[in-house]
Amino acid sequence: MAMDKGDITPAIAARLVATQFPQWADLSVVPVALDGWDNTTFRLGDELSVRLPSADAYVAQIEKEHRWLPILAHQL
């Protein structure tokens with residue numbers, strides 16, 4: 001089921017966190033003030049964040065980030 005960016009709520013993000021990362025289920029989930037276009041981003045507690053693709057077209061970027069971010073991190 002495809003969702004629109006506006007359909008990705010803190011409640012949905014909290015449910016995903018609780019299911020996939022139960023150790024963080026008690027942390028608050030709050031939208032960030034300046035959100036991007038490709039992802040919907042939430043603060044998870046005081047130190048973490050949750051980024052969810054805002055449309056099906058942006059899902060492929062996740063794999064690209066997982067591949068390139070560790071490589072780029074060594075150069076920053």
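Only a predicted model underlies this, so the values are computations on that prediction, with no experimental measurement involved. Both backbone and side-chain heavy atoms feed into the values below; hydrogens, waters and symmetry mates do not.
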Novice: CG of Leu34: more than 12 outside heavy atoms within 6.0 angstrom?
Specialist: no

Novice: Test of understanding: with salt bridge (charged side-chain N to carboxylate O under 4.0 Å, His left out), list the residues that count as partners of Asp35, not counting sequence neighbours.
Specialist: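 In terms of salt bridge (charged side-chain N to carboxylate O under 4.0 Å, His left out), with neighbours along the sequence ignored, Asp35 is linked to Lys5.
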
Novice: Check whether any side-chain heavy atom of Leu16 sits under 4.5 Å from a side-chain heavy atom of Val50, and report yes or no.
Specialist: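 No, too far: nothing below the 4.5 Å cut-off.
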
Novice: Is the closest side-chain heavy-atom distance between Leu27 and Val17 below 4.5 Å?
Specialist: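 When only atoms from C-beta onward are counted, Val17 and Leu27 do not touch, as no gap falls below 4.5 Å.
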
Novice: Within this structure, what is the CZ-OG1 distance for the pair Phe42 and Thr9, rounded to the nearest 0.5 Å?
Specialist: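 The CZ atom of Phe42 sits 6.5 Å away from the OG1 atom of Thr9.
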
Novice: Which side-chain hydrogen bond (donor to acceptor under 3.5 Å, both in side chains) pairs, counting each pair once, include a residue from residues 15-29, with sequence neighbours left out?
Specialist: none

Novice: Provide the full list of side-chain hydrogen bond (donor to acceptor under 3.5 Å, both in side chains) pairs with a residue in residues 65-76, sequence neighbours left out, each pair given once.
Specialist: Arg51-Glu65

Novice: Is it true that a side-chain atom of Ser54 and a backbone atom of Trp37 form a donor plus acceptor pair closer than 3.5 Å?
Specialist: yes

Novice: Would you compute the distance between atom CG of Leu48 and atom CZ of Arg43 and round it to the nearest 0.5 angstrom?
Specialist: 7.5 Å

Novice: Out of curiosity, does Leu44 fall in the hydrophobic cluster containing Phe21 (side-chain heavy atoms, cut-off under 4.5 Å, transitive links)?
Specialist: yes

Novice: Looking at every heavy atom in both Ile8 and Pro53, which two are closest together, and how far apart are they?
Specialist: CD1-O, 3.5 Å

